Structure formats: structure tokens, C-alpha cells
Enquirer: 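Quick one: the structure is below, questions incoming.
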Amino acid sequence: MRERSARIPLLRHLTGGGENSPNIAIGQGLLASLMVMVGSWGVGWIPSSQESILSRSRFLLPLRVETLGVVICTLLLALGSMLLFRAWLRLRQRTRAADAQPLRVLRRAIWTWSAPLFLSFPILSQDVYSYLGQGRLMHAGRSPYQDWVSQLPGWFAQGADSLWAESSSPYGPLFLMYARFTYFVSGGVPEYGVAMMRLVAVAGVALCLYAIPRLAEHTGGDGAWALWISVANPLFLLNMVGGVHNDGLMAGGVLLGFLLVFRKKHVLGVLVAALAVAIKPIVVLVLPFLGLAMVPRDAGLGAKIRAWLLTGAIAGAVMALLGWASGLWFGWIAAMANAGGAAFPYAPVGLLGMLIGWIGSLFGGDLQAIAGVVFTIFMLLSLVLVFFLAIRNPAGEPLLYAGYALGAAVVLAPIIQPWYLLWLIPFFSLGRRYPVKWERTLYVLCLVLVLAGVVDQLSVGQWISLTWVRILAAIAGLAYMGYLVFIDPKTASMFGADPRRPRGAPTVHPKSSKRLKTKRPKPRRNEATGS
């Protein structure tokens, strides 16, 4: 049976190609992105400053200040995000079923789904306004590593999140120079600034699109699967393009650096990776593994040290040059060491640190000081883990171990954001495939993180109950999520629950019409990922 989206005349015109064409899934994703775009106009983040153009738009006011408009936009954002997830799952199934050229299909899907998000208000996060605030700090001659956005007059009206208003910048000198340039060119008009920052996000998508399939050729992985799980993933598109984050450019730069090193362009590869560090310094942790990619896995310690010296010298020179040009020098090192200043209590280490700090405060201690000690201990532990991963003999696969290093830094940090998962997925997906149950866990995790971002990051007027709007978004999103996972005959099989197959029926492999033997009395669940 053809899907309902194929029956809509407009989508049928956009997605022609037959019953099993992946274009149908692309069209469904386009509809979902359009829903997210319109929904963001009502509940996405927009400043209330006098410089803002759209905050006083007569067209947008009914969507943002009237209860009915806010309710409609909330439903569009929540359901559109879930529908985009369905399109993503179906794209994989349809591409395999139609035996189409997967990389070409994926590239078309990614840009088609991204196009409406170019015109959305920032969603799932308001960090882009913190970017602009730090650019304003730079323009005022201050250091974002030593001064805070809250020291600027009118900072709250310009959209910066109060959570980060008194925190050191976690970004590198290159990105902060671009933030300063953006603030200068935009003249402080937030819509222009967001548009310029979105160029950074789109550049990150393009870099990942280029690097991931080519890296798969070197690692022996499935480039189409890695690109699908990493970049076509709605968690990536909604956060990077819709949320206007610089993490995509950071990750894309590191991946391109590895690609160049695998192609024996060592100096150029380290140079590109160093520029990624200058975007967001956390990826300095992958540099030891970039050095390992220059030598054979069974190379001696001397060869590894020479590769590390080359990597460190080039990266150090790049960071010194950018530090001089920006006037910030190596202030990012101290900023990274103080990353727990705005700890999230639902990060395990953040929760533990705040708990120990609270217990200490009962005996007269300073809560923040005690928590800071806990955060420092775990940060040092993550560095120790990176060190042992780097010196392991024989060396592990460089990309995979770079992912382990970043994973250690994320898990042991006092702050965890939903999009941090996106740093790790490319590294883990390039070298190997994982058991189906692990893939299903990743699908569910991405679904939950998208919905959590939608529910948590809604911008509504003070006279409208944020609590009830969040409840509405959660109910709508959870209902659609339950449908995808348990009921939808097209997608439930990807989660191990196929409502079309009678209990005890044999499983059919997606690439073969042969029946697979089942064991009784406990029949295997359907592990097909095809339609």
C-alpha cells in the first residue's frame, strides 16, 4: 500500500519515481521540515530587543502572542520533528528496497530537508544568541574568556541564555573572531547575525557530507550507512541547521583532517584539524589519534612520538597565530578548565558534583568550590583515559579511538547537551557496523533527545503558560513516538516490534526472500530494517 504522503498531489509531483522510490520519503521529510519551519515562527527563539526586525512583525504576532497561534505552532514543531524522523527511517528502507544509488539519494535528502530550516527561527537551543553576545564582547574590546555576556547592557533582550550569561566562552579564537565580524557586519540586528551564523552551520553540513563517505573508503565501512546515521539524522539537522550550532563545522573539520592524513597529506590534515580546534577546543583531544593515523598500527613508540611532535607543533603554531590575531592568546585553556561553571544537574558528573557540594555545604563548606573540585577530578580522569588510549600498543583504529576519547570527555563532563551525541556518531559509524539491538537503542535515543529539545526549548510569551505548552508538546510527541515504535507497520520493525507479523511467524531477511529458521518456543523477533 502506498503511503499517505504519496497521495498528496503536491508531494506526488515532488517525489515521483514509483511505489518504492526513496523520493517519497524525501518528500515526506520536506513536508516535515516545512512544519518545523512554520512552527518555529511561533515558538522558536527570537530576541525582544529594539534592533530585532521580526519581533514586531504583524504577520508573526498572532503566532507568538495568541494562545491559538502558540498551540498550533507547538503541535507543528513537535509533530514535524517526529514526522522527519519517520521520513529518515523510511529513507533507509526505501533506498535499500529500490536498490538506488544511496549516496546520491542521501545528499539530495539532506539538502532538501535542510532548505526549510534555513528560514526557521532558532530551535532546540538559543545558543546562537550567546555566540552573538560573545562577538559583541569582542567588539567592545573584552575577552569572552575573562568577561561575561551579562556585563553587556541589554544582553537579556538580545536573546542570550541566562544559563551561560556568566560563563567563560567554550569556543576557540577563530570562531570568536568570526562572531566579532558577524556582530560588526550585522550592526547588532539579531536576524542578520543568525543568518551569518547559519552559514557556519551549513558549512559544517557540507564538510561532513564530503568527508564521511570518503573516510568510509579508507576504513572499510559502509559510507551510505555512516552518512545516513550521522548527517541525515534529524537530531543532526534540527540541531545544526535549525539550532544554528557550530558543532557541525567542528566535527566536519576534524573528519576532513583525518581524511587528508589518510591520503598522506599529513601537514595539511593537521592544519585543518587545528582550525577545528580553533572553532571548539574540546576536539584537541583527538589530535593524538590524528598523529597515530600517520603511522602503522604496530609502529614503535619512537615513530608515534615523532608523529605527535609534528601534530603538536603544527596545531600549536596555528593556535598561537590565531591567539595573537584575536588578542586572546591561549585563554581557551583556562576556559576549558572552568567548564563546570554552569553545570547541568542531569549530567551524571554535574549531578554528582552538585550533590557532594550540597552535602559539604551542610558542614559549612562552599557548594560551588566543592563541586568544582569534583568536576576537576573527573576532567583529569578523562585526560588519563585519553592518554592510555593513545599509548595503547598495538594502537587502536585512530577514528574509533578518537571517538572513545571524545566519549570519555562527554560522559565525564559536568555539562552534557543533547547534540554532544553528534560528536561521537561519525567516529563510531565509520569503521564498523553494530548489532541491530545497538542500532535500535541509538534510534530511540535520538528520538528522545529531539523530543526533549522540543519540549524544553519553547519560547512563549509570559502571559501564556509555558508548563501547559510543554505538556502539549510532550503529549503530541510521545504519541507519535509510540506510533513509530510500536504501531506503524513501516517503521515498527526497525525497533523490533512488527505488528504485521503474527506471533511465531518466521523472519524474512531484508536482502533475501529466503526464510530464516526460527527456534521454538522462543521465536526470534523481526530484525529487518527493510520495508
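Note that the structure is predicted; figures quoted are calculated from it, not measured.
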Enquirer: Mind checking what makes side-chain contact (heavy atoms from CB on, under 4.5 Å) contact with V267, not counting sequence neighbours?
Expert: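 So V267 forms a side-chain contact (heavy atoms from CB on, under 4.5 Å) with I314.
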
Enquirer: Going by salt bridge (charged side-chain N to carboxylate O under 4.0 Å, His left out), name the pairs with one or both residues in residues 403-421, residues two or more places apart or in two chains.
Expert: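 Residue pairs with at least one partner in residues 403-421: there are none.
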
Enquirer: Can you list, pair by pair, the side-chain donor-acceptor contacts under 3.5 Å of residues 231-241, counting residues two or more places apart and other chains?
Expert:
| from | atom 1 | to | atom 2 | distance (Å) |
| --- | --- | --- | --- | --- |
| N233 | OD1 | L235 | N | 2.9 |
| N233 | ND2 | I229 | O | 3.1 |
| N239 | ND2 | L235 | O | 2.8 |

Enquirer: Could you list the residues that satisfy ring-ring contact (aromatic ring centres under 6.0 Å, His included) with W308, not counting sequence neighbours?
Expert: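 With neighbours one apart ignored, the set is empty.
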
Enquirer: Please, which pairs that meet salt bridge (charged side-chain N to carboxylate O under 4.0 Å, His left out) have at least one residue in residues 261-275, sequence neighbours excluded?
Expert: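 The answer is none; no pair qualifies.
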
Enquirer: Listing request: all ring-ring contact (aromatic ring centres under 6.0 Å, His included) pairs with a residue in residues 254-275, at least two apart in sequence or in separate chains.
Expert: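 Of all non-adjacent pairs touching residues 254-275, those that pass ring-ring contact (aromatic ring centres under 6.0 Å, His included) are H218-F262.
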
Enquirer: List the residues meeting ring-ring contact (aromatic ring centres under 6.0 Å, His included) with Y483, not counting sequence neighbours, and say none if there are none.
Expert: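 Only Y480 meet the ring-ring contact (aromatic ring centres under 6.0 Å, His included) criterion with Y483.
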
Enquirer: By the salt bridge (charged side-chain N to carboxylate O under 4.0 Å, His left out) test, which pairs, at least two apart or in different chains, include something from residues 276-296?
Expert: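 Checked against salt bridge (charged side-chain N to carboxylate O under 4.0 Å, His left out) - neighbours excluded - the pairs reaching residues 276-296 are D247-K280.
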
Enquirer: Could you pull out all residues at least two apart from V384 that satisfy side-chain contact (heavy atoms from CB on, under 4.5 Å)?
Expert: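 In terms of side-chain contact (heavy atoms from CB on, under 4.5 Å), with neighbours along the sequence ignored, V384 is linked to F388.
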
Enquirer: Test: salt bridge (charged side-chain N to carboxylate O under 4.0 Å, His left out). Region: residues 199-221. Which pairs qualify, not counting sequence neighbours?
Expert: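 Not a single pair qualifies under salt bridge (charged side-chain N to carboxylate O under 4.0 Å, His left out).
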
Enquirer: Please list every donor-acceptor pair under 3.5 Å in which a side-chain atom of residues 115-127 meets a protein atom from a residue at least two apart or in another chain.
Expert:
| from | atom 1 | to | atom 2 | distance (Å) |
| --- | --- | --- | --- | --- |
| S120 | OG | L117 | O | 2.9 |
| S120 | OG | R198 | NH2 | 3.4 |
| S125 | OG | D127 | N | 3.0 |
| S125 | OG | D127 | OD1 | 3.4 |
| Q126 | NE2 | G159 | O | 2.7 |
| D127 | OD1 | W164 | NE1 | 3.4 |

Enquirer: Taking the six-membered ring for Trp, are Y404 and F428 closer than 6.0 Å centroid to centroid?
Expert: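 Aromatic pair counts; centres sit under 6.0 Å.
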
Enquirer: For W45, which residues count as a side-chain hydrogen bond (donor to acceptor under 3.5 Å, both in side chains) partner, sequence neighbours excluded?
Expert: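 Residues passing side-chain hydrogen bond (donor to acceptor under 3.5 Å, both in side chains) with W45: Q457.
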
Enquirer: Do you know the tightest heavy-atom contact between W113 and I26?
Expert: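 Looking at all heavy atoms of both residues, the shortest contact is NE1-O, 3.0 Å.
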
